[in-house]
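As C-alpha cells, the structure follows; a few thoughts come after it.
In what follows, every heavy atom counts, from backbone to side chain, and hydrogens, waters and symmetry copies are set aside. Every chain is numbered from 1 and lettered A, B, ... according to where its sequence line falls, protein lines coming before strand lines.
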There are 2 protein chains.
Amino acid sequence: MAGKVLDLSETLNKKPLYEQIADSIEEAIIYKGEAASKLPSEMALSAQFGVSRTIIREALKLLQARGLVEIRVGGGAFITKPESEDVSELLLRIVQMDRIEDKDVYEIRIILEVAAIREAAARISDKELELLDSQVDGMEAAKGDLAKRVEMDCEFHCLIAKYSGNSMLSLLVESMTGVLRKFIIAGIKSPGGNEDGIEKHRAIIAALRTRDPEAAVQAMTAHLDRSWNNVRSQMSLFNQSN
Amino acid sequence: MAGKVLDLSETLNKKPLYEQIADSIEEAIIYKGEAASKLPSEMALSAQFGVSRTIIREALKLLQARGLVEIRVGGGAFITKPESEDVSELLLRIVQMDRIEDKDVYEIRIILEVAAIREAAARISDKELELLDSQVDGMEAAKGDLAKRVEMDCEFHCLIAKYSGNSMLSLLVESMTGVLRKFIIAGIKSPGGNEDGIEKHRAIIAALRTRDPEAAVQAMTAHLDRSWNNVRSQMSLFNQSN
DNA sequence: CAAACACAATCTGTACGACAGGTATACAGA
DNA sequence: TCTGTATACCTGTCGTACAGATTGTGTTTG
C-alpha cells in the first residue's frame, strides 16, 4: 500500500540521463535556439535540469560531436549550426572504414556536379558569372600555392552548386568536396593538371555564359573526366612509389 | 632570465584533453579496430592514457556521437561502424535548421535514384530481380500496416541503389531515405497512393528486367514524379488542417 | 580624458572518490 | 547437463576541489 508508485516513464526511458539531457537540449536548440547565442553555464544547466554537472558535461560532448554547440574554454557553450564540414567528416569515416572505392566516390561527384551545373546554367546571373571569373583568376594567381589553389578550386565547384538554387544539392556538393579533397589535390599535382584545370574552368564559365544547360553539362563532364584520368595516374604513381 | 621555457607542444595542442584522447582512440579504431570488438574498460583506458576516468568518459561520448562506439551499461564500449543512419540524422538536423525546402530535398532523391537505376539496369542479376519482386510482394502484404509498408518501400529503393554496384551511391541513397521518410509516408497516405506506389514499383522491376537503362530511368522518373505530386497534395492538406 | 593595465568574477577543464545499478561469468547444486 | 545464484566487473551518476582561460570592471597612468 505504502509502496512506491511504479514510474512507467522510467521503465521506457532506458536511455542514460546524459542522452536524455542531450536530446532535450537539442530539441530546445533546434526549435527555439538562435545561432551564436550562448547556452547557460554548466552550473546553471545542472541546476535547471536537476542533475549533476557531470551529466551536463557529457551531454554537451554529445551535442558538440553532433555539431550543435561549440564549447569555448572559460567562455561557455554556444549554439552552432551543423555544416557540410560535419557531413564531410562523417562520410570520410564511412568511406575509410567501408573501404569504398575511389571511382565510386568520384562518380558521385560527377552525378551531383553535373546535376548542379545543369540547373545553374538556366538561372545564373551576370553577377554570379563575374564571381566565377574572379574565382578562376584567384586560382591562377595561387598557382604556386597548392593549399590555396586547392581551396579555391573547391570553392569554384561549390559556387556552381550554390547557383543551382537547390540548397540540398549545394549542401551535398560541399560535403562531397570534403571527401574528394585528396582527389582534387592529386589532379592539380598531376603533370599539366594545374594549368589544364584552370583552362577547363574557364571553359565551364564560357559554357555557362551561353545559358545552355547541355553545353554547360558537357564542359563540366569534360573537365571531370579529364581530371579523373589525371587523378588516377597521379595516385597510382604515388601508390607505386610509396 | 629564469623564465619558464616555452612549451611549443602545448602551444599547438590547444585542444582539450578529452578531444585529444577521442581523436587518438578514433585513429586506433579506424586503422586497427575490428567492428564489434570491445574497447578496454574506462578504468583501463584511464590508466593506459594516464588521464582521469572523467576524460575517458567525455572522450567516449564524443566517439559515441560520431557513431564509432556503442556504450552498453555494465557491458563496455564496443566498436561500431558509422552508418547511413548517422548521416541521415545529421542531414535531417541541417535540413531543419537551414529550413531547406521540401522540393530541393526531393529533387536530390530523383537525381540520386535515377543515377542508381541507370547503372543497376545494366548489371542487375536475375536473382536480384527476384529479390525486388519479393520485396514488392511484401509491400503489398503490408498494405494495411503503414510502418511496415513504409519500411519495405524504403528498402526497395535502397536495394536498387545497392544493385547499382556503387557503394557511395548506395550510402547516399540510404542516407537520403532517412531524410525523405516523411515524404514517403505522405505519398502512401495520399488518396490511391498506396496502391499506385505498388503498381509503379512493379513497373520499375519490369523495366529493369529488360536491362534497358533508359527504360528503367523512365519508369523510376514516372514513379518519383507521380509520388511527388501525391506528396505535395497530401502535405498541403495536412498543413491546412493543422 | 582616454588608454592601458590589473584585478575579480565567471566558466570550462581535469582529477579523485564513492556508490548505485546493470551485465556477464563462473561456480555450485539439482 | 542444466539451472540458478553469487560474485566480479563495468558503466551511470553525484559531489567536491582546484587549475587555467576568458571576460568585464575598475583603477591607474600618460
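- Of the residues listed (A:Glu19, A:Glu58, A:Lys61), the one engaging B:Gln64 in a side-chain contact (heavy atoms from CB on, under 4.5 Å) is A:Glu19, and it is the only one.
- Following rounding to the nearest Å, B:Leu39 (CG) and D:dC9 (P) show an atom-to-atom distance of 19 Å.
- For D:dG12, its base sits under 3.5 Å from the side chain of B:Arg53 at one donor and acceptor pair at least.
- The side chain of A:Arg57 lies closest to C:dT12 when the candidates are C:dT12, D:dT11, D:dC14.
- Candidate nucleotides D:dA21, D:dG15, D:dC10 were compared by shortest atom distance to the side chain of A:Val73, and D:dA21 ranks first.
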CA sep, side-chain torsions, deciding dist, call: B:Arg99, B:Asp104, salt bridge (charged side-chain N to carboxylate O under 4.0 Å, His left out): CA-CA 11 Å; B:Arg99 286 171 177 64; B:Asp104 286 358; over 6 Å; no

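- When the P atom of D:dT11 is taken as reference, atom CZ of B:Phe78 falls 9 Å away, rounded to whole Å.
- The distance from atom CG of B:Leu17 to atom P of C:dT12 is 18 Å, rounded to the nearest whole Å.
- Going from atom CE of A:Met43 over to atom P of D:dG15 covers 11 Å, rounded to whole Å.
- Between the side chain of B:Ser88 and the backbone N or O of B:Ser84, at least one donor-acceptor pair lies under 3.5 Å.
- Note on A:Thr54: a base of the nucleic acid sits closer than 4.0 angstrom, heavy atoms only.
- Taking only side-chain atoms of B:Glu42, from C-beta outward, the nucleotide of C:dA15, D:dT11, C:dT12 with the closest atom is D:dT11.
- With distances taken from any side-chain atom of B:Lys61 to the nucleotides D:dG12, D:dT11, C:dT12, the minimum falls on D:dG12.
- Note: CG (B:Leu62) to C1' (C:dG13) measures 13 Å, nearest angstrom.
- One interatomic measurement links the two molecules: CD1 of B:Ile56 to C1' of C:dT14, which rounds to 12 Å at whole-angstrom precision.
- Rounded to whole Å, the distance from CZ on A:Arg72 to P on C:dG13 is 12 Å.
- Atom pair B:Glu70:CD and D:dT11:C1' shows a separation of 13 Å (rounding to whole Å applied).
- Contact between A:Thr80 and B:Met97 at its shortest, heavy atoms only, is O-CE, 4.3 Å.
- One finds a side-chain N or O of B:Tyr18 lying less than 4.0 angstrom from the OP1 or OP2 phosphate oxygen of C:dG13.
- Closest to the side chain of B:Ser52, from the set C:dC16, D:dT13, C:dC11, is C:dC16.
- When the nearest nucleotides of DNA chain D are assigned to A:Val51 and A:Gly75 by heavy-atom distance, the more 5′-ward of the two goes with A:Val51.
- Between A:Glu70 and A:Arg72, at least one side-chain nitrogen of the basic residue sits less than 4.0 Å from a carboxylate oxygen of the acidic one, meeting the salt-bridge criterion.
- Nearest-nucleotide positions on DNA chain D place B:Lys38 closer to the 5' end than the other of A:Ile55 and B:Lys38.
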